[in-house]
Enquirer: 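Input: one structure, supplied below.
As a basis for the values below, the full set of heavy atoms in this structure was taken, side chains included, without hydrogen atoms, waters or symmetry mates. Numbering of ligands and ligand atoms starts at 1, following listing order.
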Amino acid sequence: MNLLAELRCRFHRALEGLCEDPSEYTAMVRPAQDGKFGDYQANCAMPLGKATGQNPRDVAAALVEALEVDELCEPPEVAGPGFINLRIRDDWLASETSRMLSDPRLGHHAVESSRHVVIDYSSPNVAKPMHVGHLRSTVIGDALARVFRFQGHRVTADNHVGDWGTQFGMIIQGYRNFLDPEAYAADPVMELSRLYRLVNRIAGYHDRRAALPGQRDKLAERREELAILETAIAEGDKSKKSEAKKVRAEVAGLSETVAGSETEVAAVEADGSLAGIAAQHPDIADASRAETAKLHSGDPENRALWEEFLPVCLEMMESIYQRLGIQFDLTLGESHYQPMLADVVESLSQQGLASNSEGAMCVFIQGNDAPFIVQKSDGAFTYATTDLATIRYRAADLEADTMLYVVDARQGEHFRLLFETARLWGYADTEFAHVSFGTVLGEDRRPFQTRSGDTVGLESLLDEAVDRARRIVDENDDGKPEGPELDEETRAAVAETVGLGGIKYADLHHNRESDYQFSWDKMLATTGDTATYMQYACARILGIFRRGGVDREGLRSESSTIILDDPAERDLAMALNRFADAVDMTAAERRPNVLTGYLFETANVFSTFYNCCSVLKEEDASRRASRLALCDLSARIFEQGLGLLGIETCEQM
Ligand code: ARG
């Protein structure tokens, strides 16, 4: 049973007589922070008392009076200023746990009204380096897709790849001028990616070289300004402090930019072949832009090249998805929407939403200074136009009820304007959300870079995770008291599961909105909040069944009795019964870390149970059976829970 939802429902009924709109108060029924006060707590009496001008303790008493939870809870207690504490009845917990044994959904009731949820995630720009940010989107999006599906929603996982951007102009430019035909024949993706990076680097070189004199002047100016401020401060003028702080930060930023540019310019000039290319192609950026424009306007030659490049690039991405066990229902890239863009702008202007501003077509959103540009003055459509066309397509053709976008926090402004425009355009009934996430930082606390900064780098990152996991698996197996148990093939498979699971979990267990620091050691630690810890817990339970020759199916009959005499047994049963809540909360908040938090807590509770209560050695037969049943459920919850995060478990580790 989805316990929290059930309790909220009971409170809803009890509140009906006491206030106008119970829903705002039912959300205040929550899992208790501290087990001392019970399993759940309702904090609604205080705000309700305030709203109705009554004493909150009296409100709480009236609420308890109206509340019908007899078969579920011990008599509710009112504490402090009006907290209502609820303790789930042990007999209810035991019978519900025994019911879970034969339930493949582990007590979770599917949603009553299913929605069609389109989740836009991963969405890398093809042929451009796919970086860890895209990995983050991929992993979070995949977890949410699995959770919503499990809840009973219809989910369409759509990889909205950037397959129409300016990177193709660069590749075409590179292909025409610097192609190594042999390398292209041998490994086309690698060669295309080299071409992209080469052209991008030469273009960047010219940009930086051109910008340097201006930047140096500006830096000198700011330094002078700072010196004046600092003299004033030294002479006692404290009022200049905050301005000095600002200028100091600007100086630091500018010096970094200048130093970065100088290093890069010097590096290109020191490399004979790069310097030669740079000298011969001073206008490579303009030339690439021209190639992109030709592609977009239907030039047959560039179109043919695009059609040649695209499948190879997609195949490359596919190999990463396959390794990570990720599948999309659709991969509709930006190019898919190109034929629809003119019509989007037409429709927006007809509805009076878009208007001409200095030659560009813009949507002005109230309270927002920057306009949402849907067509630039040169006639080109934008990222925004494509996203609007995508919304129309997802609503009209896919009949989506909800659209989620698992995209980097830096695009927050774009999505705010997009959703607001869509609402005005006629999609007020569609639910939109930007499932935003922070940056992955390296050990130096700067944005994490894979070694070569490209897809190959991303693959080598996965390889490294598996290599490191392999060392842990070897060490663990070699150290077993009765000698190693795993053969070479099993060790390799376990390492793959642990390594990839580690990478995914490291990403998922952070609050997605915060930046987090990438750390191999933390990620693969065998104790603590890691996938490895849970995978070991799971394998340990399966080991109990193996050693005891236990028939797991046999434990799952309706008549199995669960005994909860020991507090550790009760705590475990309570944790197991919270699984449904955890799944629903993860979906409601669209936060996989709610589920990881639940699993970690459950793994800890399991570990206490396993330390306090004998299982195989227990002599009392019914107690032994009950404990084995608790073990069976725990393993299934870990498997199912990790499975919803896209993480696998192993029979033996
Ligand atoms: N391709 C974009 C990028 O790499 C992300 C696209 C996200 N999805 C969307 N519908 N805008 O930044």
Enquirer: Can you list the atoms of ligand 1 that are under 4.0 Å from a heavy atom of Tyr405?
Expert: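 Under 4.0 Å from Tyr405, ligand 1 has these atoms: 10 (N).
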Enquirer: Should Leu424 and Ile365 count as side-chain neighbours, where that means a heavy-atom distance under 4.5 Å?
Expert: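 In short, these two side chains touch, coming nearer than 4.5 Å.
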Enquirer: Please confirm whether the backbone N or O of Ala157 pairs with a side-chain atom of Asp329, one donor and one acceptor, at under 3.5 Å?
Expert: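 Yes, Asp329 side chain to Ala157 backbone: donor-acceptor pair under 3.5 Å.
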Enquirer: Out of all atoms in ligand 1, which are within 4.0 Å of some heavy atom of His134? Include the element for each.
Expert: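 Those of ligand 1 that fall under 4.0 Å from His134 are 3 (C), 4 (O).
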Enquirer: Does the separation of the ring centres of Tyr337 and His160 fall below 6.0 angstrom?
Expert: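 Centroid separation for Tyr337 and His160: below 6.0 Å.
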Enquirer: Counting neighbours of CD on Glu648 that are heavy atoms of other residues, nucleotides or ligands and sit closer than 6.0 Å, is the number greater than 12?
Expert: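 Atom CD in Glu648 is not packed in, count stays at 12 or less.
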Enquirer: May I ask you to identify the nearest protein heavy atom to atom 3 (C) of ligand 1, giving residue, atom name and distance to one decimal place in Å?
Expert: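 Going atom by atom, the protein heavy atom closest to atom 3 (C) of ligand 1 ends up being Asn125 ND2, 3.7 Å.
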Enquirer: Tell me the nearest of Tyr337, Tyr383, Tyr121 to atom 11 (N) of ligand 1, using heavy-atom distances.
Expert: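 Selected option, by shortest heavy-atom distance: Tyr383.
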Enquirer: Could you tell me whether Asp408 and Arg410 have a side-chain N and a carboxylate O separated by less than 4.0 Å?
Expert: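 Looking at Asp408 and Arg410, the cut-off is met.
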Enquirer: To the nearest 0.1 Å, how far is atom 8 (N) of ligand 1 from its closest protein heavy atom, and which atom is that?
Expert: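 Sorting protein heavy atoms by distance from atom 8 (N) of ligand 1 puts Asp120 OD1, 3.1 Å first.
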Enquirer: Going by heavy atoms in the side chains, are Glu459 and Ser319 under 4.5 Å from each other?
Expert: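 Contact flag for Glu459/Ser319 side chains = yes.
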Enquirer: Counting the benzene-type ring for Trp, do Phe432 and Tyr405 have ring centres under 6.0 Å apart?
Expert: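 No, the ring centres sit 6.0 Å or more apart.
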Enquirer: Do any nitrogen or oxygen atoms of Ser123 lie less than 3.5 angstrom from nitrogen or oxygen atoms of ligand 1?
Expert: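 N/O-N/O distance below 3.5 Å exists for this pair.
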Enquirer: With a 4.0 Å cut-off on heavy atoms, does Thr390 reach ligand 1?
Expert: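 No, that is not the case, since the closest heavy atom of the residue is not under 4.0 Å from the ligand.
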Enquirer: With respect to atom 12 (O) of ligand 1, which of His434, His414, Gln411 exhibits the smallest heavy-atom separation?
Expert: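 Nearest option to atom 12 (O) of ligand 1, by heavy atoms: Gln411.
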Enquirer: Tell me if the aromatic rings of His336 and Tyr393 count as close, with their centers under 6.0 Å from one another.
Expert: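 Yes, the ring of His336 comes within the 6.0 Å limit of the ring of Tyr393, centre to centre.
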Enquirer: If we only count N/O pairs under 3.5 Å, is Glu334 in contact with ligand 1?
Expert: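 The answer is no, given that Glu334 and ligand 1 share no N or O pair closer than 3.5 Å.
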Enquirer: Provide the number and element of each atom of ligand 1 under 4.0 Å from a heavy atom of His160.
Expert: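 Counting atoms of ligand 1 from 1, those under 4.0 Å from His160 are 8 (N), 9 (C), 10 (N).
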Enquirer: Within ligand 1, which atoms have a heavy atom of Val407 less than 4.0 Å away?
Expert: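 Heavy-atom distances to Val407 below 4.0 Å select 7 (C).
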Enquirer: Counting each atom of ligand 1 from 1 as listed, which ones have a heavy atom of Phe415 under 4.0 Å away?
Expert: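 Answer for ligand 1: 11 (N).
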